[in-house]
Amino acid sequence: MQIADRMRRKIEQALAPAQLEIIDDSHRHAGHAGHDGRGESHFRVLVVSEAFAGKSRVERQRLVYDLLAAELQDRVHALSLTTRTPEEAAKAGARG
């Protein structure tokens, strides 16, 4: 199973997201630290979930990092996280 698929499964099971986007940006980091040529090392992740309600940005990110601890110990070198509640996502979408 690919790293992105494992990440998707874990996030879906734990957070039941209304929206989940996992984008592999590894190709943009060729030659940089953490890029060993195997790919699946740098990701942008958007998670929209009710599970984030009442949590700070740091608490939300810690939650996702904890879920993906095994992947971060393996090949994932960098995660760029956007974590929103459905209400925050709707507001962000309205702004364009």
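Everything numeric in this text was worked out from a predicted model, so none of it was measured.
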Could you tell me whether Glu21 and Arg8 have a side-chain N and a carboxylate O separated by less than 4.0 Å? no
Note: Gln61 and Thr83 closest approach over all heavy atoms is CG-OG1, 4.4 Å
Check against side chain to side chain contact (heavy atoms under 4.5 Å, CB included), Met7 and Val45: CA-CA 10 Å; Met7 290 171 36; Val45 179; 4.0 Å; yes
Check the pair Arg60 / Thr82 against side chain to side chain contact (heavy atoms under 4.5 Å, CB included), numbers first and verdict last. CA-CA 9 Å; Arg60 295 171 184 195; Thr82 301; over 6 Å; no
Less than 4.5 Å apart, side chain to side chain, heavy atoms only: is that true for Arg6 and Arg9? yes
May I ask whether Ile22 and Leu46 are part of the same hydrophobic cluster, defined by side-chain heavy atoms of I, L, V, M, F, W, Y residues being less than 4.5 angstrom apart, directly or through others? no
Would you say Val48 and Leu79 are hydrophobically clustered, going by side-chain heavy atoms of ILVMFWY under 4.5 Å? no
Where is the tightest heavy-atom contact between Gly54 and Glu59, given as atom of each residue plus distance? O-OE1, 4.2 Å
Identify the two heavy atoms, one from Leu15 and one from Ser49, that lie closest to each other, and give their separation to 0.1 Å. O-OG, 2.6 Å
Over all atoms of both residues, closest heavy-atom pair of Val76 and Phe43: CG2-CE1, 3.9 Å
Can you tell if the side chain of Ile23 reaches within under 4.5 Å of the side chain of His42, non-hydrogen atoms only? no
Heavy-atom pair of closest approach, residues Pro17 and Ile11: CD-O, 3.8 Å
Which atoms form the tightest heavy-atom contact between Phe52 and Leu63, and what is the distance? CE2-CD2, 4.0 Å
Does the side chain of Glu50 reach to within under 4.5 Å of the side chain of Glu87, using non-hydrogen atoms? yes
What's the separation between atom CG in Asp24 and atom CD in Gln2, rounded to the nearest 0.5 Å? 8.5 Å
Would you mind checking if Lys10 and Glu71 are paired as a salt bridge, meaning a charged N to carboxylate O distance below 4.0 Å? yes
Under a 3.5 Å distance rule, please check whether Gln73 uses its side chain to pair with a backbone N or O of Ala70 as donor and acceptor. no
